[in-house]
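Please read the structure below before turning to the comments.
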There are 2 protein chains.
Amino acid sequence: MVTLSNEHESDTRQRLIEAAAGMFVEQGFNAAKVRDIVAHAGANIAAVNYHFGSKEGLYAAVIQYHSAQAIEVLSQQAGDDGGRTPAARLHDYVRTFLKRLLTQTPQFTMSKLVAREMVEPTAAFGLIIEKFVWPQYHALQAIVRTIAGEKLSEELVRRCCLSIVGQCLYYQFARQVVACLDPEFGYGPADVERLAEHVVAFSLGGIRQSVRTHAGEAQKSHSGHVNDR
Amino acid sequence: MVTLSNEHESDTRQRLIEAAAGMFVEQGFNAAKVRDIVAHAGANIAAVNYHFGSKEGLYAAVIQYHSAQAIEVLSQQAGDDGGRTPAARLHDYVRTFLKRLLTQTPQFTMSKLVAREMVEPTAAFGLIIEKFVWPQYHALQAIVRTIAGEKLSEELVRRCCLSIVGQCLYYQFARQVVACLDPEFGYGPADVERLAEHVVAFSLGGIRQSVRTHAGEAQKSHSGHVNDR
DNA sequence: AATTGTTTGATACATACGTTTTAAACGTCC
DNA sequence: GGACGTTTAAAACGTATGTATCAAACAATT
């Protein structure tokens with residue numbers, strides 16, 4: 001830390017973080033091997049221990065590095081809630097969410113790491129939830145609530161939010177399955193755009209139907225099966 | 001194979017399969033350790049190699065064992081397509097799907113193994129897709145198509161199906177996240193039943209909205225953003 | 001009861017992987 | 001320009017884990 005003047009500032013450290021991020025995103029924390037990471041980074045295996053102490057330390061550094069820009073992006077987008085329609089805001093939300101999640105570029109690494117943590121939690125799980133999942137979830141909750149028009153219970157709003165993110169995340173979690181079931185589906189910008197259109201339309205219909213069903217349920221006690229027969 | 005008369009028929013083998021199934025479901029193929037499995041089965045570590053040749057062989061045996069009853073169940077339910085409403089059939093589908101997926105009992109192990117294969121494929125992936133995912137997917141496709149009333153393109157039917165199963169699978173993939181976002185949610189029969197109600201209502205609304213949007217899109221070229229403003 | 005094929009138990013082996021060590025190279029400051 | 005702290009390189013270490021070995025125990029047939 002004494003060397004604060006020169007510009008290289010440990011180039012290896014940076015390359016390690018970038019290489020590790022790619023491996024962690026593609027393979028997950030456990031499947032990614034330290035030797036593979038350093039090979040991709042063109043560094044020696046001791047570098048990870050020197051710079052980060054351990055594999056977990058490297059993972060923490062990856063998260064911290066990508067957290068910075070990700071949080072910055074989140075706070076930026078929080079501003080433009082202007083005079084948009086609730087449906088338009090949902091469309092923005094889903095499109096942004098899907099683009100970050102499914103886009104193949106090394107950009108928006110954080111979104112993919114968050115998705116990884118969801119299905120294969122590590123020590124960073126709590127932090128991820130607090131810093132990314134909760135804020136994103138609250139933003140979606142607010143949008144859904146405005147669409148539902150205060151008529152949905154807290155619980156049903158939650159369910160709708162989970163239905164929306166579940167639709168999106170499935171394309172990331174189960175890429176291999178999607179590739180089998182829908183071989184024509186690609187992950188380019190245009191494909192993601194069209195997918196967003198579908199998810200938004202589907203979810204808007206879903207939210208409105210939930211509102212209707214909920215109203216019906218409220219009167220007819222809890223007999224269920226509103227639209228089933 | 002010469003000893004075909006007595007009833008024990010390798011009790012250890014069976015205990016290994018059951019113990020392994022539990023571990024594979026809970027931890028996945030790679031995270032489940034052979035020594036833990038044999039410990040839970042009360043067997044020796046050599047037994048797995050004798051009976052199954054390898055860890056992969058054990059996994060294959062687990063799949064084969066649970067495939068039998070699972071396929072039997074699938075063929076049974078295929079019969080009762082009777083005079084039900086499309087919506088009722090969707091409700092049956094979703095409820096059955098969720099119950100098998102989320103129920104904590106060792107029953108319906110196959111559904112949980114299939115879910116595991118989706119996010120963490122193994123050598124058995126192809127077989128799983130062919131034997132379970134495709135048939136289930138086609139059944140859902142047929143239901144969605146009858147609900148949509150032949151007005152949806154092949155592609156949009158696919159998207160709707162993926163939206164439906166995505167909603168369901170999210171509760172299994174991301175249990176830890178659901179536990180954080182919705183601490184009150186449980187995985188008991190009543191909770192799953194209510195979740196099914198929501199998913200069905202949401203999806204029915206989603207399908208219908210997709211139909212409407214699709215009709216609108218067909219006329220207004222492909223400018224998108226039908227309900228956004 | 002003896003023999004033979006089958007199953008189990010304890011241990012050993014081989015490899016993969018995270019981590020640590022030790023020496024050399026590099027850059028900075030006096 | 002030399003000394004000292006910093007960074008890298010190569011190899012080694014320890015453990016975890018899947019797999020193989022080999023003798024003992026068991027069951028069945030004659």
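Every chain is numbered from 1 and lettered A, B, ... according to where its sequence line falls, protein lines coming before strand lines.
In this view, B:Arg194 and A:Glu155 satisfy the side chain to side chain donor-acceptor pair (under 3.5 Å) rule, not counting sequence neighbours. For B:Tyr65, the side chain to side chain donor-acceptor pair (under 3.5 Å) criterion is met by B:Gln14, not counting sequence neighbours. By the side chain to side chain contact (heavy atoms under 4.5 Å, CB included) test, B:Arg35 is found to be paired with B:Ile45, residues two or more places apart in sequence or in another chain being considered. Considering only residues two or more places apart in sequence or on other chains, A:Phe108 meets the side chain to side chain contact (heavy atoms under 4.5 Å, CB included) condition with A:Arg100, A:Lys112.
A:Ala32 comes within contact range of the sugar-phosphate backbone alone, with a heavy-atom separation under 4.0 Å but no base atom that close.
Here the P atom of nucleotide C:dA16 and the CG atom of A:Asn30 are 18 Å apart, to the nearest Å. When rounded to the nearest whole Å, the span between NZ of B:Lys33 and P of C:dA16 equals 15 Å. Going from atom CE of A:Met23 over to atom P of C:dC17 covers 11 Å, rounded to whole Å. Rounded to whole Å, atom P of C:dG18 lies 14 Å from atom CG of A:Leu16. Put simply, CD1 on B:Ile37 is 11 Å from P on D:dT19, counting in whole angstrom units. As a whole-Å value, the separation of A:Asp36 CG from C:dG18 C1' is 13 Å.
Considering only the side chain of B:Lys55, D:dT19 comes nearest among C:dG18, D:dT19, D:dT6. For A:Tyr50, counting side-chain heavy atoms from C-beta on, the closest listed nucleotide (C:dC17, C:dT7, D:dT8) is D:dT8.
Note on A:Asp92 versus A:Arg89: no salt bridge recorded, every NZ/NE/NH1/NH2 to OD/OE distance being 4.0 Å or above. Checked for salt-bridge contact, B:Glu154 and B:Arg145 meet the test: a charged N lies under 4.0 Å from a carboxylate O.
Phosphate proximity of D:dA20 to B:Asn49: present, with a side-chain N or O under 4.0 Å from OP1 or OP2. Side-chain nitrogen and oxygen atoms of A:His51 include at least one within less than 4.0 Å of the OP1 or OP2 phosphate oxygen of D:dT8.
Residue pairs that meet the salt bridge (charged side-chain N to carboxylate O under 4.0 Å, His left out) test with at least one member in residues 175-185 of chain A, sequence neighbours left out, are A:Asp182-B:Arg158, A:Glu184-B:Arg158.
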Give me, pair by pair, the N or O atoms of the protein and of nucleotides 9-12 of chain D that are less than 3.5 Å apart, along with how far apart they are.
unit_1, atom_1, unit_2, atom_2, d
D:dA9, OP2, A:Asn44, N, 3.4
D:dA10, N7, A:Asn44, OD1, 3.3
D:dA10, N7, A:Asn44, ND2, 3.2

